[in-house]
Amino acid sequence: MTKRNPVSFLREEYQDIVAKGFDWKPPTLQGPAGPRARYNGKEVLVLCANNYLNLANHPKLKQASIDATEKYGAGSGSVRPIAGDMEIHLECERRVARFKHMEAALLYMSGFAANAGLLGPLAGGEVDVVLTDELNHGSIIDGLRLSKAERIIYKHNDLADLDRALQEAERKSAKRIMVVTDGVFSMDGDIAPLPGIVKAAEEHGALVYVDDAHGEGVLGQGGRGCVDHFGLTGRVQVEIGTFSKALGVVGGYAAGSKDLRSFALNKSRSWLLSAAPAPAVAGASIAAIELLEKEPQHVQRLWENTRYWKQQLQQLGFDTGRSETPIVPVMLGESHVAKKFSERLFDHGVFALPIVFPMVARDKARIRTIMNAGLTRQDLDQALEGFAAVGRELKVIR
Ligand SMILES: Cc1ncc(COP(=O)(O)O)c(C=O)c1O
């Protein structure tokens with residue numbers, strides 16, 4: 001009998017990924033994240049980071065993280081239920097709740113951890129039904145895998161199909177019904193039709209759960225997010241957020257009622273069994289929220305750039321898909337075209353990675369650009385020159 005090699009699959013599976021061209025080779029960032037940054041030894045314009053408002057290296061956030069470290073130390077010491085809440089975590093939760101116009105919030109290590117730990121308990125029973133948009137984020141998909149509820153997947157942003165799914169849930173005599181959607185869809189930059197979703201959910205007594213990772217800092221008054229953008233405050237029961245994108249830090253949260261917070265705190269295993277974020281993270285996150293409350297010009301600047309960028313790309317002849325936000329995909333089709341496009345952009349001093357299957361359908365590969373408030377008009381024009389040159393070279397535009 002040949003002896004089994006317990007680790008041979010590691011290389012085999014990796015080689016298979018490489019052969020199919022789906023492997024990731026993240027370049028190295030040699031300094032702070034920003035709209036202009038140094039990657040692999042080259043200064044480039046960054047057109048694909050989630051750092052929408054250019055806060056990741058903001059002096060106020062850096063100072064707040066230093067101050068929090070000085071006062072509370074480098075680590076939180078433990079899991080909160082075991083060794084207690086730090087004042088700074090509670091303060092951060094109060095600030096999040098106030099910012100989101102919700103009663104309460106609970107911090108998680110990441111937005112991923114919030115979805116992974118909260119969806120299961122919320123849809124916890126065999127007689128529960130969860131309706132989920134087919135393009136929801138992977139962390140929602142994984143969170144729902146931990147749920148005992150039945151899942152009904154409805155067509156992307158399709159209210160008629162959602163209605164069909166709600167009727168189906170009623171027929172199954174569901175005890176609890178929950179509708180789960182991204183606020184802004186991260187691959188296409190389109191926005192969930194929340195007014196229709198909320199109306200339909202209200203008719204069926206369903207809970208609405210919105211993951212607004214790409215909406216906060218971007219949509220709504222002062223960047224309060226997608227729910228605020230549609231004037232639906234008070235009608236969405238759970239909002240998931242992250243500090244890792246527009247807010248420039250890292251870490252996630254769930255915002256909702258005080259009941260939601262107590263429920264999550266006692267039932268969500270990614271909270272109960274995982275350490276609290278470092279004090280520096282909580283401190284910087286508080287500073288980010290404060291900055292948004294006091295300086296709405298960051299959000300305005302992001303949108304000015306977005307309008308210009310999208311209009312100019314379209315004028316050049318690029319297809320920007322169904323983007324309604326600062327996520328602006330440049331649709332290219334085949335993955336090898338998207339990869340080549342990204343490589344050639346880098347030669348032109350523009351950093352924007354390709355998004356290929358399995359993240360998107362095989363024939364829907366793209367360069368996903370994400371606008372940044374810190375890019376100047378000159379930067380955008382320079383980046384546009386790069387896109388135009390590569391687009392013509394690869395015969396994507398004429
Ligand atoms: C819709 C959505 N939800 C959740 C996450 C995860 O957020 P975090 O980076 O805080 O884990 C992301 C990030 O990719 C996202 O796009």
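For ligands, and for the atoms within them, numbers begin at 1 and follow the listed sequence.
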Within 45° cone of Tyr52 ring axis and under 6.0 Å: Lys245 NZ or CZ: no

Quick one: does any side-chain atom of Asp188 pair with a main-chain N or O of Gly321 as donor and acceptor, under 3.5 Å? no

Could you tell me, for ligand 1, which of its N or O atoms are under 3.5 Å from any protein N or O, listing the pairs and their distances rounded to 0.1 Å?
| unit_1 | atom_1 | unit_2 | atom_2 | d |
| --- | --- | --- | --- | --- |
| ligand 1 | 3 (N) | Asp211 | OD1 | 3.4 |
| ligand 1 | 3 (N) | Asp211 | OD2 | 2.5 |
| ligand 1 | 9 (O) | Ser244 | OG | 3.0 |
| ligand 1 | 10 (O) | Gly111 | N | 2.7 |
| ligand 1 | 10 (O) | Thr242 | OG1 | 2.6 |
| ligand 1 | 10 (O) | Ser244 | OG | 3.4 |
| ligand 1 | 11 (O) | Gly111 | N | 3.3 |
| ligand 1 | 11 (O) | Phe112 | N | 3.0 |
| ligand 1 | 14 (O) | His137 | NE2 | 3.2 |
| ligand 1 | 14 (O) | Lys245 | NZ | 3.0 |
| ligand 1 | 16 (O) | His214 | NE2 | 3.0 |

What distance do Met86 atom CE and Ser78 atom OG have between them, rounded to the nearest 0.5 Å? 10.0 Å

In terms of hydrophobic clusters joined by side-chain contacts under 4.5 Å, are Ile152 and Val130 together? no

Which class fits the ring pair Phe318 and Phe387: parallel under 30°, tilted 30 to 60°, perpendicular over 60°? perpendicular

Anything under 30° is parallel, anything over 60° is perpendicular, the rest tilted; go ahead and classify Tyr253 against Phe243. tilted

